[in-house]
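Just so you know, ligand 1 is whichever comes first in the structure, and atom 1 is the first atom listed for that ligand. For the numbers below, each heavy atom of this structure counts, side chains included, while hydrogens, waters and symmetry mates do not.
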Amino acid sequence: MTTGSAGSRIVSLGHYQPSTVLTNDDLAQMVDTSDEWIRTRVGIVERRIAEKESVADMATAAAEKAIAGAGMTAADIDLVVVATCSAVDRVPNVATRVAAALSIQAPGAYDINTACSGFSYALATTDHALRAGAARHAVVIGAEKLTDFTDWTDRSSCILFGDGAGAAVVTAAADGEPAGIGPVLWGSAPERGDVVVITANHPYITQEGQTVFRWATTVLPGLAKQACEKAGVDPSELAAFIPHQANLRIIEPLGRKLGAHDAVVARDITESGNTSAASVPLAWSKLVERREIPSGAPVLLFGFGGGLTYAGQVVRSP
Ligand code: UT7
């Protein structure tokens, strides 16, 4: 029996957003809402809408950039993991579609659905696979097209969501190299599974907004702290805090209560809306592209949402 690696690390990131912009004023032409209500209650200014692209198209574009950024080619990748809750087709999964589009030969390929916490779950299972020796170089993607599941007549939900994808190349750490992905803190509140739903009978996303909001602002700060404790990192040492982008009124108090005083806090919701499992890698990739996070610095990723599920881990930024 051979063993795997002592850890894994993130080598590069990539992201993709469709070119069509939907502003709050555009939405005010469709439903009874206003730019002022959306900005003050949620913090969104605009979001991107995929008119032609599928979840797999966006996932592929983000993965292609991440693989190129790692200085790798498709031949180096032996695992493809996609976090998504908005794939329209059941089979084949998105991961194999990405592999086919990028000509990645014979990779392990699976999708994960834990809704908005999906990227941190996917990163954790990838880290575990690399540690176990099941793969050497993986691409981990969060990709969503929630606008396929949006009721454009419902003002309480249609103003929230956008489309996009973010991806990371993750590689097994070499001997003696420190691990770049800390232990995951994951969990769920399954007894509250009905507060965010997309069901077969009503295939549009609906949520009990205030219930989720209260959970996010009261329970999650303690869980985000636990994710730091698991990694042995004090929140004050974080260079960045990248929570799921659901609401600026959740993101900002979460950052304050966590005590991440010196951290860059991701606020990509303003220009992207809520992109579910894509929101964390999308926001992170943009911050790295803008050089707002030093290479090697500790960053807390923290996803939460439907299920109710949550997951977070401290990672070293590429
Ligand atoms: O990503 C998955 C996890 N999800 C989350 O974390 C979401 C957490 N929840 C939230 O972020 C917020 O609850 C929402 C942004 C979804 C809603 O904001 P809210 O401040 O909780 O608003 P509300 O649902 O309590 O509605 C307040 C009022 C209502 O009117 P009345 O009953 O007070 O007259 C709504 O009908 O605002 C009304 N309203 C709107 N008004 C203008 C709801 N949507 C809109 C709208 N424009 N788009």
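Considering only heavy atoms from C-beta on, Gln226 stays 4.5 Å or farther from Lys230 through its side chain. The closest side-chain heavy-atom distance from His15 to Pro281 is not below 4.5 Å.
Under the 4.0 Å distance rule, the nearest protein heavy atom to atom 29 (C) of ligand 1 falls outside the cut-off. Per-atom contact check: atom 39 (N) of ligand 1 touches the protein, criterion being a heavy-atom distance below 4.0 Å. The nearest protein heavy atom to atom 48 (N) of ligand 1 is closer than 4.0 Å. Distance check on atom 6 (O) of ligand 1: some protein heavy atom falls below the 4.0 Å cut-off. Protein heavy atoms are absent from the 4.0 Å sphere centred on atom 32 (O) of ligand 1.
Set against the non-hydrogen atoms of Gln210, the atoms of ligand 1 under 4.0 Å away are 13 (O), 21 (O), 23 (P), 25 (O). The distance from ligand 1 to the heavy atoms of Cys116 drops below 4.0 Å at these ligand atoms: 1 (O), 2 (C). Near Val42, the atoms of ligand 1 lying under 4.0 angstrom from a non-hydrogen atom of the residue are 15 (C). Short contacts between ligand 1 and Asn247, defined as distances under 4.0 Å to a heavy atom of the residue, involve ligand atoms 10 (C), 11 (O), 12 (C), 15 (C). Atoms of ligand 1 found under 4.0 Å from any heavy atom of His244, numbered from 1 in the order shown, are 1 (O), 2 (C). Of all the atoms in ligand 1, the ones that sit under 4.0 Å from a non-hydrogen atom of Thr33 are 42 (C), 46 (C), 47 (N), 48 (N). Of all atoms in ligand 1, numbered sequentially from 1 with element shown, those under 4.0 Å from a heavy atom of Phe304 are 6 (O). Near Ala246, the atoms of ligand 1 lying under 4.0 angstrom from a non-hydrogen atom of the residue are 1 (O), 5 (C), 6 (O).
Under a 3.5 Å cut-off, the side chain of Ser34 and the backbone N or O of Trp37 do form a donor-acceptor pair. Distance alone, capped at 3.5 Å, is enough to place a donor-acceptor pair between the Asn24 side chain and the Ile44 backbone. In this structure, the side chain of Asp127 does not engage the main chain of Gly182 through any donor-acceptor pair within 3.5 Å. At least one donor-acceptor pair under 3.5 Å links the side chain of Gln245 to the backbone N or O of Ile269. Without hydrogens or angle criteria, Ser317 side chain to Ala297 main chain gives no donor-acceptor distance under 3.5 Å. With hydrogens and angles disregarded, no donor-acceptor distance shorter than 3.5 Å links the side chain of Asp32 to the backbone of Arg155. With hydrogens and angles ignored, the 3.5 Å screen pairs a side-chain donor or acceptor of Arg131 with a backbone N or O of Ala6.
The ring-ring contact (aromatic ring centres under 6.0 Å, His included) analysis of residues 133-170, with sequence neighbours excluded, yields no pairs.
Nearest to atom 19 (P) of ligand 1 among the protein's heavy atoms is Arg41 NH1, 3.7 Å. Among protein heavy atoms, atom 4 (N) of ligand 1 sits closest to Gln207 OE1, 3.0 Å. Remark: minimum distance from atom 17 (C) of ligand 1 to any protein heavy atom is reached at Trp37 CH2, 4.3 Å. Atom 35 (C) of ligand 1 has as its closest protein heavy atom Arg155 NH2, 3.9 Å. For atom 3 (C) of ligand 1, the nearest protein heavy atom (residue, atom name, distance) is Val212 CG1, 3.7 Å. For atom 9 (N) of ligand 1, the closest heavy atom belonging to the protein is Gly209 O, 3.0 Å.
The N/O atoms of Ser34, backbone and side chain alike, include none that comes under 3.5 Å of an N/O atom in ligand 1.
Put simply, no part of Ala216 is less than 4.0 Å from ligand 1, judged by heavy atoms. For the pair Val196 and ligand 1, no heavy-atom separation below 4.0 Å is found.
Across Asp89, Asp111, Asp57, a single residue satisfies salt bridge (Lys or Arg N to Asp or Glu O under 4.0 Å) together with Arg97, and that is Asp89. The only member of Trp186, Phe304, Tyr310 that meets ring pair (Phe, Tyr, Trp, His ring centres under 6.0 Å) when paired with Tyr121 is Trp186.
Contact annotation: for Ile38 versus ligand 1, there are no heavy atoms closer than 4.0 Å.
Heavy-atom contacts from other residues, nucleotides or ligands closer than 6.0 Å to CD of Glu191 number more than 12. Atom CZ of Phe213 is surrounded by more than 12 heavy atoms from other residues, nucleotides or ligands within 6.0 Å.
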